Amino acid sequence: MPEPKKFFIGIDANVRPLAKISEKIWRRTEKGGAPNALFVQATAEELPEELSGVASEVRIQFPWGSLLRSVAIADELVLKNLRCLCRSKARLEVIVGIDPKRDKSELQRLGVPDLSVEYVKHELLGAYEAHGFRVIEWAKKLRRSRGRVLIYLHAEAT
């Protein structure tokens, strides 16, 4: 559903998907255009300083590669950068979905730990809070279905 009063910034380290979607935003709105959107090629480790304090909401949905690793281990640099993006009281939403069996070799390569309830509760939440995010809701949707693990984290920038 279009939200014309909001401005959206999509960030991805991979330029290929950004190029295709960037072309679409210039279409007329009735044909799927989005004049209130901008796409930036960047990594979470090296976000443009021009984006500091601009976000009222940050969503990380089903990350992969280094971003998955960063949110799963609460990487200090990435959490600092995410907090830097945020205005005070900005919403942070992280949704991770993995299949521990299918994704085993990639998770090992990335150094992603077992994302158990205990790990989230005793390791992850404190790290997010130490880096400027008050956790509001977490792991209520942590579940295993058909081998997949889904973790939901909702926090607010302090």
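Everything quoted here is computed from the prediction, not taken from an experiment.
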Spacing of CG belonging to Leu38 relative to CG belonging to Leu51, to within rounding of 0.5 Å: 8.0 Å
Dump the intermediate steps for side chain to side chain contact (heavy atoms under 4.5 Å, CB included) on Phe8 and Asn36, then the final yes or no. CA-CA 6 Å; Phe8 298 88; Asn36 57 338; 3.8 Å; yes
Rounded to the nearest 0.5 Å, the NE2 atom of His131 sits from the SG atom of Cys84 at a distance of 13.0 Å
Using salt bridge (charged side-chain N to carboxylate O under 4.0 Å, His left out) as the criterion, list what pairs up with Lys80, not counting sequence neighbours. Glu76
Could you check whether any side-chain heavy atom of Ile60 comes within less than 4.5 Å of a side-chain heavy atom of Leu67, counting everything from C-beta outward? yes
Might you point out which heavy atoms bring Leu82 and Phe133 nearest each other, and give the distance in Å? C-CZ, 3.9 Å
Sort and list the pairs that fulfil salt bridge (charged side-chain N to carboxylate O under 4.0 Å, His left out) and have at least one residue in residues 86-96, not counting sequence neighbours. Arg91-Glu93
Can you get from Trp26 to Ile21 by hopping between Ile, Leu, Val, Met, Phe, Trp and Tyr side chains that sit under 4.5 Å apart? yes
With a 4.5 Å limit on heavy-atom distance, are the side chains of Val71 and Tyr128 in contact? yes
Any side-chain heavy atom of Phe39 within less than 4.5 Å of one from Ile11? no
Verify same cluster id: Leu77, Leu47 (apolar side-chain graph, 4.5 Å): no
The complete set of salt bridge (charged side-chain N to carboxylate O under 4.0 Å, His left out) pairs with one or both residues in residues 36-53, sequence neighbours excluded, reads none
Should the pair Arg59-Glu57 be classified as a salt bridge under the 4.0 Å nitrogen-to-oxygen rule? yes
Any non-hydrogen side-chain atom of Tyr119 less than 4.5 Å from a side-chain atom of Ile73? yes
Least distance between heavy atoms, Ala44 atom then Asn81 atom: O-ND2, 2.8 Å
When you measure from the side chain of Glu129 to the backbone N and O of Val135, does any donor-acceptor pair fall under 3.5 Å? yes
Please check this pair: side chain of Arg148 against backbone of Gly97, looking for a donor-acceptor N/O pair closer than 3.5 Å. yes
Smallest separation among heavy atoms of Leu79 and Ala127, with atom names: CD1-O, 3.9 Å
Nearest 0.5 Å, please: how far is CD in Glu137 from OH in Tyr152? 5.0 Å
Measure the CG-CD1 distance between Leu153 and Ile95 for me, rounded to the nearest 0.5 Å. 10.0 Å
Any residue meeting side-chain contact (heavy atoms from CB on, under 4.5 Å) with Pro17, in chain and number order, not counting sequence neighbours: Asp12, Asn14
Do Val54 and Ile25 sit in one hydrophobic cluster, given that two such residues count as connected whenever their side-chain heavy atoms are within less than 4.5 Å of each other, even indirectly? no
Closest approach of Pro100 and Leu107, non-hydrogen atoms and distance? CA-CD1, 4.2 Å
Could you tell me whether the side chain of Asp103 reaches within less than 4.5 Å of the side chain of Trp64, counting heavy atoms only? yes
Selection residues 63-75 - residue pairs positive for salt bridge (charged side-chain N to carboxylate O under 4.0 Å, His left out), sequence neighbours left out: none
Pairs where residues 149-158 contributes a residue and the test salt bridge (charged side-chain N to carboxylate O under 4.0 Å, His left out) is met, not counting sequence neighbours: Arg134-Glu156
Lys121 and Glu118: salt bridge (charged side-chain N to carboxylate O under 4.0 Å, His left out), yes or no, with the steps? CA-CA 5 Å; Lys121 185 177 181 180; Glu118 292 77 23; over 6 Å; no
Nearest heavy atoms of Phe7 and Ala37, plus distance in Å: CE1-N, 4.0 Å
Run Leu110 and Ser66 through side chain to side chain contact (heavy atoms under 4.5 Å, CB included) and show every step you take. CA-CA 7 Å; Leu110 293 169; Ser66 64; 5.5 Å; no
Between Leu85 and Val58, the two heavy atoms sitting closest are CD1-CG2, 4.3 Å
Side-chain contact test, heavy atoms from C-beta onward, threshold under 4.5 Å: evaluate it for Leu68 versus Ile98 and give yes or no. yes
Just how far is it from atom CG of Leu18 to atom CD of Gln41, taken to the nearest 0.5 Å? 6.5 Å
Is there a side-chain contact between Trp138 and Leu125 in this structure, where contact means two heavy atoms from C-beta onward sitting under 4.5 Å apart? yes
Any non-hydrogen side-chain atom of Ser88 less than 4.5 Å from a side-chain atom of Thr158? no
